[in-house]
Structures are given as structure tokens and as C-alpha cells.
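Data block below; observations after.
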Amino acid sequence: MTTIVFVTLFCISVLGYVLNRQAATKLRADGTRLHSVPGYHGLYSLLSTLVPVAVLIVLWLIFQGPLIDRFTMSGLPAGSLGELDAGGRQLVLAEIKSISRGRIFGDPEAWKVDAADRYAWMHAISRWMLLGIVIVASLGIVGFARSRVAANFRARHGVEHITSGLMLFCSTIAIFTTLGIIAALLFESIRFFERVPITEFFFGLNWEPQIPLREDQIAAEGAFGWIPVFLGTLVITVVALFLAVPVGLLSAIYLNEFAPSRLRAVAKPVLEILAGVPTVVYGFFAILVVAPAIRSFGASLGIPVSPNTALAAGSVMGIMLIPFISSFTDDALSAVPKSLRDGALALGATRAETVLNVLFPAAIPGIVGGILLAISRAIGETMIVVMAAGLIASLTINPLDSVTTVTVQIVTLLIGDTSFDNPKTLAAFALGMMLFIVTLIINVFALRIVRKYREAYD
Amino acid sequence: MADVTAATDPGPKTGSTADAVRASLARRNRKQKILQVLGLGAISFAFLMLFILIASLVSSGYQAFTQTHITLEVFIDPEEVPLERLPRGGFDDVLEASLASVLKDVDPDDRATMRALGGLPSNGAQFRLRDRVVEDPDLIGQTITMTVPVSDPYDQLNKGLIDRRTPEENRRLKDFEIAWFDQLVAMEAISKPLNTGLISNPDSRFPELAGLKGALIGSFWALFVCFVISFPLGIGAAIYLEEFAPKNKFSDFVEVNINNLAAVPSVVFGLLALAVFIGWFGLPRSAPFVGGMTLALMTMPTIIIATRAALKAVPPSIREAALGVGASKHQVVFGHVLPLAMPGILTGTIIGLAQALGETAPLLLIGMNAFITSAPSGPFDSATALPTQIFIWADSPERGFVSRTSAAILVLLGFLITMNAVSIYLRNKFERNW
Amino acid sequence: MMNDMRKIERDTAVSDIKIHARDVQVFYGDTHAIKDVSVDILDKTVTAFIGPSGCGKSTFLRCLNRMNDTIDIARVKGDIQIDGNDIYHPSIDPVQLRAKVGMVFQKPNPFPKSIYDNIAYGPRIHGLAKTKAELDEIVERSLRRGAIWDEVKDRLHEPGTGLSGGQQQRLCIARAVATEPEVLLMDEPCSALDPIATAQVEDLIDELRRNYSVVIVTHSMQQAARVSQNTAFFHLGNLVEYRETGQIFTNPEDPRTESYITGRIG
């Protein structure tokens with residue numbers, strides 16, 4: 001049905017294009033001098049029909065679902081919902097929907113069947129109404145556009161205004177996305193903090209996000225202190241940086257200063273491949289190769305190592321970050337003016353001294369910016385830790401222990417069936433908000449450093 | 001001033017510099033050597049890791065590109081499969097009986113033995129048999145030949161992944177089961193063809209039946225939606241920012257937003273999609289359409305940045321030439337600048353889509369990790385995607401899924417390499433120096 | 001007064017040969033940048049290289065301390081000796097050579113460090129000072145020799161990049177002399193400076209001649225006339241004429257030199 005609506009709109013718009021174009025061509029053939037060529041008259045009609053009506057359809061499609069749901073529920077016979085809470089109501093609604101699709105399990109009550117019929121009926125009405133409105137509106141606009149075809153009508157300006165508006169809209173998507181992220185996180189986090197005290201979240205030392213299965217269950221109240229989760233994230237990040245920073249820096253220095261050009265030609269693409277490997281692949285690499293290797297190495301030294309150590313996840317994350325840090329360092333070193341390098345070499349500095357004493361200090365801001373971005377990446381990295389790190393939050397900084405991270409908790413809390421009204425799901429959004437805030441601060445800071453640094457040498 | 005300095009200047013102490021330099025030169029060169037060795041070591045480490053990564057995937061994944069099959073003469077016993085009960089019937093018993101008839105030392109009345117025998121062909125074999133009989137009920141009472149996959153342990157045995165020397169109690173196959181298999185091999189009933197099921201089957205609980213069809217189609221729809229949304233929106237935003245936007249607070253704000261979005265963790269986009277697209281708009285869970293919208297939001301910054309770079313690279317002389325013959329700003333941009341920038345834009349878009357293809361975390365949050373045994377028929381059906389399928393298989397305990405996961409990763413990497421190769425080809429073919 | 005002094009000194013100049021170059025060729029990839037240049041540069045003299053841009057004068061200058069080594073595609077052939085030693089001999093480390101042959105560049109390029117550290121950098125890496133006091137002394141002496149001591153003595157620990165262009169260039173000259181070189185190469189040292197700073201640097205060059213063999217590349221004939229005793233004219237990679245400065249400007253032998261000096265080429 002949606003397809004039919006869109007096809008109808010498209011056909012009517014094209015009709016408008018053809019009509020306007022023909023009209024304008026005819027005018028010109030009669031010897032009138034037009035402000036805009038006929039093609040623009042056509043485009044004017046096409047765009048002024050297509051754009052507003054398409055927006056209307058999208059809005060309609062977005063809002064019809066929730067509205068019909070609401071009408072369905074409010075139209076139920078009084079008392080049929082009884083004492084049901086929000087979750088119960090959702091279940092009833094889901095049942096009504098599945099009945100309306102013809103999937104009937106057991107013998108539903110009569111009022112549910114009624115409601116299902118009404119639900120289906122409202123959907124049908126909504127669809128036909130939409131089709132009717134689209135036809136009327138688009139034909140109306142086509143007629144209006146046709147009436148404006150005239151010698152002095154500035155169709156090109158009209159078209160350009162519409163395209164400018166569209167482009168402006170495109171560039172605001174980024175803002176809407178950011179707003180959407182903030183709204184989603186904030187809204188769900190507030191609901192979380194209504195159920196769990198904010199102090200417990202920030203200062204609690206226990207993270208055990210269980211939910212009571214039955215009302216009377218006492219043992220599983222759940223604890224939501226994010227400190228152990230945050231600590232685990234830090235441990236893995238530190239392990240990753242311990243590997244990635246020296247390797248990344250040294251390989252960038254080597255490639256920038258010492259490598260023969262043939263090695264450089266090979267090394268750049270190799271690093272790019274390493275950077276392009278999806279993180280789920282790194283995660284599998286961690287459980288397939290790195291974790292067993294660390295474990296057997298630990299066993300040969302007589303140290304018991306848990307199967308999902310912070311060390312395994314962290315070091316694989318470090319491998320992932322090597323190309324990241326090395327390319328930032330490479331860029332920063334290359335951005336140092338050649339005159340400084342010449343100045344040092346002319347004083348009789350060796351190439352190593354030139355790099356370490358002159359180029360490197362001059363490139364430090366760019367490198368620091370890169371490392372900060374790498375940290376923010378490590379904190380936000382998900383798949384490697386979901387696959388290779390632990391699930392249990394423990395208050396430890398030993399990289400041989402199993403730790404969990406913010407992203408692991410978000411994913412494990414939300415995988416599977418989600419409903420938005422228990423602290424377990426909402427906790428994921430609170431963690432997500434912390435993740436967003438921390439990475440945002442680091443990113444803003446890092447981007448500012450990098451930009452300042454670029455300006456300094458431009 | 002110069003005179004003053006000259007008076008106090010003792011002049012250079014010739015020779016002292018040369019001596020000092022000579023004395024320290026060996027030490028300084030040694031330091032340089034150390035730095036060089038460290039740097040070479042670092043780059044070799046990166047090479048080595050990539051090599052180990054690829055080598056371990058290939059060595060564990062290549063086995064999954066073949067699949068052990070067994071060819072059986074099956075007598076469709078009307079007593080087990082009565083016509084009137086179709087599609088129900090004792091198809092498993094029929095298979096077991098057919099196996100028992102060819103193997104030595106099998107007592108068809110021993111329940112335990114027969115159950116073990118039933119574990120030799122894949123669990124899917126009976127359904128294939130059923131489908132054939134349902135399609136053509138005349139087969140009842142006849143003997144047909146069919147080739148079906150064997151179950152995972154026998155597949156492993158055939159590929160040499162089960163060591164016959166391990167003590168029997170630690171082995172997944174007992175001695176008598178191995179003896180059966182050897183008999184079948186001796187009868188040339190066992191074959192190991194290319195595993196087309198890896199691509200053409202949907203997901204399954206049984207490794208020998210599991211394939212990537214659902215994931216490939218799911219990924220296709222997600223990428224398609226992602227492209228349809230992010231490509232026009234990204235180009236529109238880039239053109240506006242690069243060519244039309246006034247230099248003001250608003251433009252700066254948009255730019256800051258785009259740069260920050262490019263660095264927001266992917267899991268946060270998953271939270272956004274879960275709360276807004278699924279929770280507020282009520283779009284279906286696990287649908288590639290929602291996945292594609294999420295990926296589009298993540299891909300847009302990449303496309304915007306690439307497009308702006310491509311637009312910047314078009315020299316001003318082109319614009320001036322077009323403006324000079326009386327074209328409007330819009331006509332210049334859409335008629336001259338954009339076509340010239342297209343190769344660069346396409347290159348950036350393909351790279352962005354390649355990143356989106358490998359993206360996993362946001363798809364997990366919107367439920368594209370569901371266990372779905374049929375391929376989606378449209379973007380609104382529940383589906384998995386390639387990376388989430390990899391995640392599901394990596395999480396599965398069955399031994400056979402290890403090699404399937406590696407194989408699925410190789411398939412994914414194959415796609416990524418192809419996409420990158422295309423973008424490099426485009427760049428080289430259309431790149432021009434102004 | 002300056003001119004008188006130079007006249008006297010020109011007559012009494014010590015004329016030991018410091019740099020001896022024969023049949024020098026330089027190639028940048030396929031481009032033949034320097035063709036068969038042979039020249040003898042005297043000790044304790046200022047030698048100027050002049051010529052139109054792209055004539056190879058800077059390229060040749062960079063051969064004298066092997067700065068061309070840092071350009072991958074550059075190849076140098078021929079024989080260059082300083083004090084009788086072949087500087088392109090495999091046993092010569094460019095580091096050793098550059099400690100002996102200092103260089104000042106077209107654009108002032110102080111390191112983004114303090115003024116003190118800029119000067120102390122060379123002595124530090126070469127191990128010229130054993131104690132802090134010795135290093136302080138070298139820094140002061142070099143800054144004095146660079147004629148900038150009085151201007152910076154109170155802010156030795158502020159960044160060198162904060163100075164004005166002329167001060168930065170004198171700082172770079174001081175930095176070059178801090179390693180006690182024997183030859184000082186200057187590649188258009190005044191091209192980025194205003195006239196007042198230029199005059200200061202020119203005074204300084206004249207001063208440095210007491211102790212060093214100075215080779216200066218310049219695009220300004222007036223500058224060559226003011227500071228140098230000998231002048232070499234380069235054209236299209238060839239050394240056209242090399243004579244005493246006074247003679248080359250008043251009585252050029254080669255028609256190309258004459259057209260350059262009179263402004264017909266270049």
C-alpha cells in the first residue's frame with residue numbers, strides 16, 4: 001500500500017513536470033521570451049509537488065501506528081484492562097495486533113477479537129485516507145504550478161529556492177541526529193534514575209543488574225553502581241594503549257624517517273587493511289587465537305589465567321588501534337615544516353636526533369590529539385570486548401582478571417527481548433549516556449587540539 | 001655593536017668541534033640504529049599480527065568451504081510413511097533403516113544402536129526426504145537415491161578434526177560409529193563436495209546446515225537502505241556546507257556536529273535506534289530497514305567529509321568559467337562542479353558503505369542477532385546481517401561453528417576487499433590533476 | 001667607513017683555499033641541475049653566489065654540506081674537498097661534515113624551543129660542553145657573535161619563535177656558529193627580512209668573515225657587492241664566471257654575466 005502511495009505521488013509529479021514543460025514550450029513557440037527555460041518550469045512543478053507531499057506521507061506513516069494503538073486501547077470496553085500495568089497493556093495490544101493479522105492462539109476473549117477487527121479497520125481507513133489525501137493534494141499543487149507558467153514567472157529561482165531548502169535540511173540532519181541521541185539517552189536515563197537513586201549509580205561499588213522474576217523475590221534486587229564497570233573499561237583501555245601507543249609511534253617514526261620507499265609503499269596499505277578489519281573479526285580473533293595463547297602462556301608459567309582476561313581483549317584492541325595512532329602520528333610528523341628538519345640536520349644532528357629532539361616535540365599536539373581520539377575509541381569499542389571480555393563486574397585492576405566494560409553491559413542488557421520499563425534495560429541507557437558524555441568530552445578536546453595544531457603550521 | 005662583539009670574540013677553537021664530534025659519533029649512530037631497529041620491529045609486529053589474523057582465519061575457515069555428504073539408497077517404506085498421513089511420517093526411521101541395511105553388524109531391533117545410527121546423517125536429511133515425498137507422493141514404496149549432508153561430528157571426522165587416537169570416552173564419536181563411517185567410506189558412499197549450502201542455506205542450529213543466505217540478504221537490504229538515505233542526504237549537506245553556507249555560527253555548529261558524530265561510539269547509535277526508531281516510532285525489531293537507517297546516520301559524516309574534499313578539489317577556474325557565461329550558482333554547482341567531483345564522492349561513499357557493512361554493535365541492539373531460519377523477503381522482515389551472523393556463530397558452542405565463523409569472516413572480508421578495490425580503481429581511473 | 005674598512009681587508013685577505021670543487025654534477029631525477037661546476041672557495045672570505053632563480057646556486061650550496069642527501073631523488077657526482085678531504089667519501093659521516101659546515105636558511109627556522117635551547121642544541125648533541133657553565137658560556141658567546149645577545153639576554157628561556165623575523169634569523173646564525181663550524185653556508189639569509197634587519201645581518205656577515213669561510217647565496221646583486229669579496233655567477237646550472245666581486249660587477253668578462261648585471265636576463 002505504501003508503495004502504491006509513493007508511486008501515485010511520483011506519477012502525478014511527473015505529470016506536473018510534463019504539463020508545465022509543454023505549456024512553457026508552447027509559450028516560447030508563440031514567440032514570447034521566457035525568464036526561465038521550459039525545463040525549469042517542469043522541474044518547478046515536479047519539486048513543489050514531490051517534496052511537501054512526500055514529507056506528508058512520511059509524517060503520516062510515523063504517526064499512524066502510535067495513534068491507532070492509542071485509539072484501539074481507549075476503545076476497549078470499560079474494565080476489560082482491570083488492574084494491568086503498562087507491561088500488561090502492551091501484551092494485550094500485542095495480542096490484539098496478532099489476532100488482527102490472523103494469528104490466533106487458543107480462544108481469545110470476544111472483546112479482543114472486536115478490538116482486533118477495529119484495529120484492522122482503522123488501518124485500512126488510514127491507508128485509504130492517505131491515498132486520497134495524496135492524490136488530492138498533489139493534483140492541487142500540480143494545477144497551481146500549471147497556472148503559474150507565464151513569460152515572466154521565475155521558475156528557475158523557484159527551483160533553486162526549493163533545492164537550497166532541501167540542502168539546508170540535509171545539513172541539519174547531523175544536528176537532529178545529535179539531538180536524537182541526547183534526547184533518547186536523557187529520557188531513558190531519567191526514567192532509570194526514577195527507579196535507582198543517582199548516588200547509587202555514581203558511587204555504588206556493585207554492579208549486579210538482576211531483575212526480580214517474581215514480585216516477592218528478595219534475593220535479586222539488583223545493584224547498579226557503575227564504578228566497577230567503569231574501572232573495567234579503564235583497565236582494558238590502558239592495556240590497549242600500552243600496546244598501541246609505542247608500536248604506533250615507532251612504526252610512524254620509522255615509516256616517516258627511515259623506511260625505504262618500497263617498504264613505505266607496502267606498509268601504508270597493510271596498515272589500512274588492519275584499520276579496515278571489522279571489529280567483530282577482531283573479537284573472533286581474540287577468542288580464537290589471543291586468549292588461548294595468553295592462557296597457555298600463563299599456564300606454562302604456572303599462573304592461572306581466566307579465559308576472558310582484560311589482557312586478551314585489551315591487547316587485541318591495541319592491535320586495532322595501531323594503524324589509528326600510526327596514521328595520526330604520521331600526519332603530525334609530516335605537517336612539521338621541512339625547514340625545521342633542515343635546520344636540525346644542518347647543525348649536524350643525526351636523523352634520529354632530528355626526529356626525537358625537533359620533529360617529535362613539534363608534532364606533540366597532533367600526536368596527543370590522535371592518542372586522545374584513540375582513547376575515546378577504545379572506551380566506545382564494543383564488539384571486541386563483548387566477545388572477549390567478561391560479563392561479571394569486579395573491582396580489580398589486574399589485567400589477568402576478567403573484567404567487564406560499559407559497552408559490554410549495554411549490549412548484554414539490551415540483547416534479547418527488550419521492554420522499556422525495567423531498571424535492567426534502562427540501566428543500559430544510563431551507561432550509554434555516561435559513555436556518550438565521556439567520549440564527547442574527549443573528542444571535542446582532541447579535535448580542538450588537532451585543529452589548533454594544523455592552524456599553527458598552515 | 002658588531003665592533004663590540006668582535007673585540008671580545010676569541011674566535012673559533014679550530015679542531016675542538018671535529019674532535020668532539022668524532023668522539024661521540026659512534027655512540028650517536030648506535031642510538032640511531034636502536035631507534036631504527038625498534039621502528040622496524042614495530043612495523044613488523046603490525047605485519048605479523050595481520051598475517052596471524054588472516055592465517056588463523058584461513059586455516060580454521062577453509063574446511064567450511066567443503067561439506068561431507070553421504071549418498072544413500074532409501075526405500076520409502078509405506079508402513080513408515082503412509083500416504084494419508086503426509087506430511088507427517090517416520091522419515092527418520094526410513095533413513096535409519098536404509099543405513100542399517102548397508103552397514104554390517106547393525107541390529108535393526110536394538111533401539112540404542114538405531115538412535116546412534118540416526119545421528120549419522122544431518123538432522124535436516126529427514127526434512128529433505130519429507131519435502132521430496134510430499135512433492136511427489138508416488139515415491140512411496142519406491143527406492144530413491146539421495147545425497148545429504150552428514151551431521152557435524154562425522155563431518156569433523158572426515159576432515160581429520162577428530163583425532164582417532166584420543167581415548168574413546170573423550171571423543172565425540174565412539175569406536176563403533178567410526179567403524180560405520182569407515183565402512184561407508186569403503187563403499188564410496190561418502191563424498192566431500194564444495195559447500196554451496198554455506199551461501200545458499202539460511203541459518204540453522206545445526207552447523208552442517210547453517211548458511212549465510214539470510215545474513216547476505218539482510219546485509220544487502222540494510223546497505224541498500226543505508227545508501228538510499230545517506231547518499232543523497234550526505235551530498236546535499238556537503239554541497240550546502242561547501243558551496244552555499246554563509247560563514248556563520250549555524251554553519252560552524254553543523255560542522256562541529258558532523259565532526260563529533262563521526263567519533264561517537266557505534267553502540268550509542270544503536271541506543272538511538274532502539275529508543276527512537278523502535279521505541280518511539282514503533283518500527284519493527286530486527287528489520288534491515290531499521291538497521292539501514294541506523295547505518296545511514298553513521299555513514300553520513302563519512303560521505304559528507306569525502307564529498308566536501310572532492311568539491312574542494314575542483315579548481316575555481318571551472319566555477320569562474322561557468323559563472324562567466326552567465327550560469328547561476330546552482331547551475332554551476334549542479335552542472336559543472338558536482339559531475340567533476342563525482343568520482344571522489346563515489347570513492348568516499350563506497351568506503352563509507354564498506355565500514356557500514358562491517359558494523360556490528362548497533363545492529364545487535366536493534367535485534368538483528370535473532371535466530372531466523374528463513375531468508376528475509378524484504379527490508380521489513382526480521383533478518384540478520386553478515387557481521388551479526390558472525391557474532392551469533394562465534395557464540396555457538398558446536399564445534400562445527402568455529403570453522404563456519406571463520407568462513408563467514410572470510411566471506412565478509414572478501415566483500416570488503418572487493419568494495420575497497422572498486423573504490424581504489426575508481427580513484428585511479430578518474431583521478432585527475434588540475 | 002664600512003667601505004674603507006672592507007677595502008683594506010680585501011687587500012690583506014688570507015687566501016688559503018678552504019673548499020675545492022671539481023666537475024660537480026647534480027641530478028634531480030632526470031633533471032641535470034648542476035653541470036660541471038669547478039670552484040675554489042677561500043678561507044676567511046665571503047663568497048657570494050648570484051644568478052637568476054633556478055640557476056642552481058642554492059643546489060650547489062647544499063652540496064657543500066651534503067644537505068642534498070636528504071632529498072631522495074638527488075644524485076651528486078664530482079669531487080668536493082674541504083681542507084683536502086673528499087666530503088663525499090664513504091668514510092665521511094654527513095653528521096661530522098655538517099658540524100664543520102654550518103648552514104643558515106632562507107626562512108628563519110628556529111626550533112619551537114627556548115632561545116637558550118635553540119643555541120645549546122648543537123653543542124649538546126655534539127658533546128661540546130662538559131658542564132652547565134661551559135654550555136652557558138657557549139650560548140652567550142654564540143649569541144654575542146650573532147649580534148643578538150643584548151636583545152635577548154633577559155629572556156633566554158622564552159620561545160625562539162616569539163622573536164621578530166630579523167631577530168629569528170640572527171638567532172639561527174648564532175645557532176649555526178654555536179657548534180664552532182669552519183664554513184658557514186647562507187642560503188638567501190635576508191630574503192625574508194625587512195631592510196633594517198637585512199642591514200644588521202649584513203653587518204654580522206662581514207663580522208663573521210674574521211673567523212669563517214662564508215658562502216652566501218643571494219638574489220640581490222647589491223647585497224653581493226656589499227658583503228662579498230668574491231662572486232660566482234651561475235646560469236642554467238653552469239658556473240659562468242667567478243672573480244673578485246669588484247671586478248665582476250664593474251668589468252664582467254662573459255656576455256651572460258653582463259646581461260644579468262645590466263638587467264637583461266634574470
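These numbers were taken from a predicted model, which means no experiment stands behind them. Both backbone and side-chain heavy atoms feed into the values below; hydrogens, waters and symmetry mates do not.
Residue A/Leu263 places its CG atom among more than 12 non-hydrogen atoms of other residues, nucleotides or ligands, all under 6.0 Å distant. Within a 6.0 Å sphere centred on CZ of A/Phe202, other residues, nucleotides and ligands contribute more than 12 heavy atoms. By the neighbour-count criterion of 12 heavy atoms within 6.0 Å, atom CZ of A/Phe445 is sparsely surrounded, having that number or fewer from other residues, nucleotides or ligands. Annotation for C/Phe27: atom CZ counts as buried by contact number, over 12 foreign heavy atoms lying within 6.0 Å. Residue C/Tyr28 places its OH atom among more than 12 non-hydrogen atoms of other residues, nucleotides or ligands, all under 6.0 Å distant. No more than 12 heavy-atom neighbours from other residues, nucleotides or ligands sit within 6.0 angstrom of CZ on A/Arg448.
Contact of C/Val101 with chain A is made through the backbone alone, with heavy-atom distances under 4.5 Å. With a 4.5 angstrom heavy-atom cutoff, C/Phe111 touches chain A via backbone and side-chain atoms both. Residue contact with chain A, scored on non-hydrogen atoms closer than 4.5 Å, involves the backbone of C/Pro110 exclusively.
No donor-acceptor distance shorter than 3.5 angstrom exists from the side chain of C/Lys113 to the backbone of A/Pro361, with no hydrogens or angles considered. One N or O on the side chain of C/His126 and one on the backbone of A/Leu347 form a donor-acceptor pair closer than 3.5 Å.
The pair A/Arg351-C/Asp69 fails the salt-bridge criterion, with no side-chain N (NZ, NE, NH1 or NH2) lying under 4.0 Å from an Asp/Glu carboxylate O.
Rounding to the nearest 0.5 angstrom, the gap separating the CD atom in C/Gln96 from the OG1 atom in A/Thr350 is 13.0 Å. Taking OH from C/Tyr121 and CD from A/Glu353, the interatomic distance works out to 5.0 Å, rounded to the nearest 0.5 Å.
What you find for C/Arg98 and A/Leu345 is that their closest heavy atoms are CD-O, 2.9 Å. What you find for A/Leu340 and C/Pro112 is that their closest heavy atoms are CD1-CD, 3.7 Å. Nearest heavy-atom pair, C/Asn65 versus A/Ala346, reported as atom, atom and distance to 0.1 Å: ND2-CB, 4.2 Å.
Heavy-atom pairs under 4.5 Å with chain A peak, among C/Gln106, C/Met103, C/Lys107, C/Arg175, at C/Arg175.
C/Arg62 has its side chain within reach of A/Asp342: a pair of non-hydrogen atoms, C-beta onward, lies under 4.5 Å apart.
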